[in-house]
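The figures here come from the full heavy-atom set of this structure, side chains too, leaving out hydrogens, waters and symmetry mates. Note that this is a predicted model, so its numbers are computed, not measured.
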Amino acid sequence: MLGKYDTFVWQQKEKLEVMFWYNEDLKMAHRLKENFNNVLKCKSSEEAKKELKKWIQMAKESEIPEFMRCIKIFTNWFEEIVNAFDVLYTNALTEGCNNKIKVLKRNAYSYQNFYRFR
């Protein structure tokens, strides 16, 4: 159940609550996922700094091993991540083109003739 908890129908919410009853770590991980949406909703880097710091602290307190790598990455790249909330452009188009080129090269690996590959 990857969607937001608010969008679930009551049957889905009921299933989740049963799972949470059996596993406290799962309940905390779900709470962290839901709270991360607060970071994504931020409109400025200042707001994002506060929310991301709060989220990182909450993740540290959870002591869930799967989140430790995430905490480390968010801490190492903190300024870059929060600055992205002030910049209106990304390099997604360039990354998409690079990915397409790599896929074409992988598919054309068996070509003997460079001109045919090109």
Checklist entry - If you look at every heavy atom in W55 and V39, which pair is closest and at what distance? => result CB-CG2, 4.2 Å
Item to check | CA sep, side-chain torsions, deciding dist, call: E79, K49, side-chain contact (heavy atoms from CB on, under 4.5 Å) | outcome: CA-CA 8 Å; E79 286 301 318; K49 278 183 185 180; 3.9 Å; yes
Checklist entry - Got a sec, which residues hit side-chain contact (heavy atoms from CB on, under 4.5 Å) with I56, two or more places apart in sequence or on another chain? => result L52, K60, I71, F74, T75, F78
Item to check | Value rounded to 0.5 Å, distance of NZ in K54 from CG in N35 | outcome: 8.5 Å
Checklist entry - Do K27 and R31 pass the side-chain contact (heavy atoms from CB on, under 4.5 Å) test, and can you show the C-alpha distance, the side-chain angles, and the key distance before you say yes or no? => result CA-CA 6 Å; K27 183 177 183 177; R31 188 176 300 138; 3.5 Å; yes
Next on the checklist: Is it true that S45 and N83 share a donor-acceptor pair across their side chains at a distance under 3.5 Å?
Outcome noted: no
Checklist entry - So which heavy atom on A29 is nearest to which on I64, and how close? => result N-CD1, 3.8 Å
Item to check | Considering all heavy atoms, the nearest E51-C42 contact | outcome: CG-SG, 3.7 Å
Item to check | E95: which of L93, N91, N99 passes side-chain contact (heavy atoms from CB on, under 4.5 Å) | outcome: N91
Next on the checklist: Using modelled atom types and a 3.5 Å cut-off, is there a donor and acceptor pairing between side-chain atoms of E34 and backbone atoms of H30?
Outcome noted: no
Next on the checklist: Run M58 and M28 through side-chain contact (heavy atoms from CB on, under 4.5 Å) and show every step you take.
Outcome noted: CA-CA 10 Å; M58 192 173 157; M28 187 61 190; 3.9 Å; yes
Checklist outcome for this item: What one should report as the nearest heavy-atom pair of A48 and F85 is CB-CD1, 3.4 Å
Item to check | hydrophobic_cluster_shared for W77 and L40, side chain cutoff 4.5 Å | outcome: yes
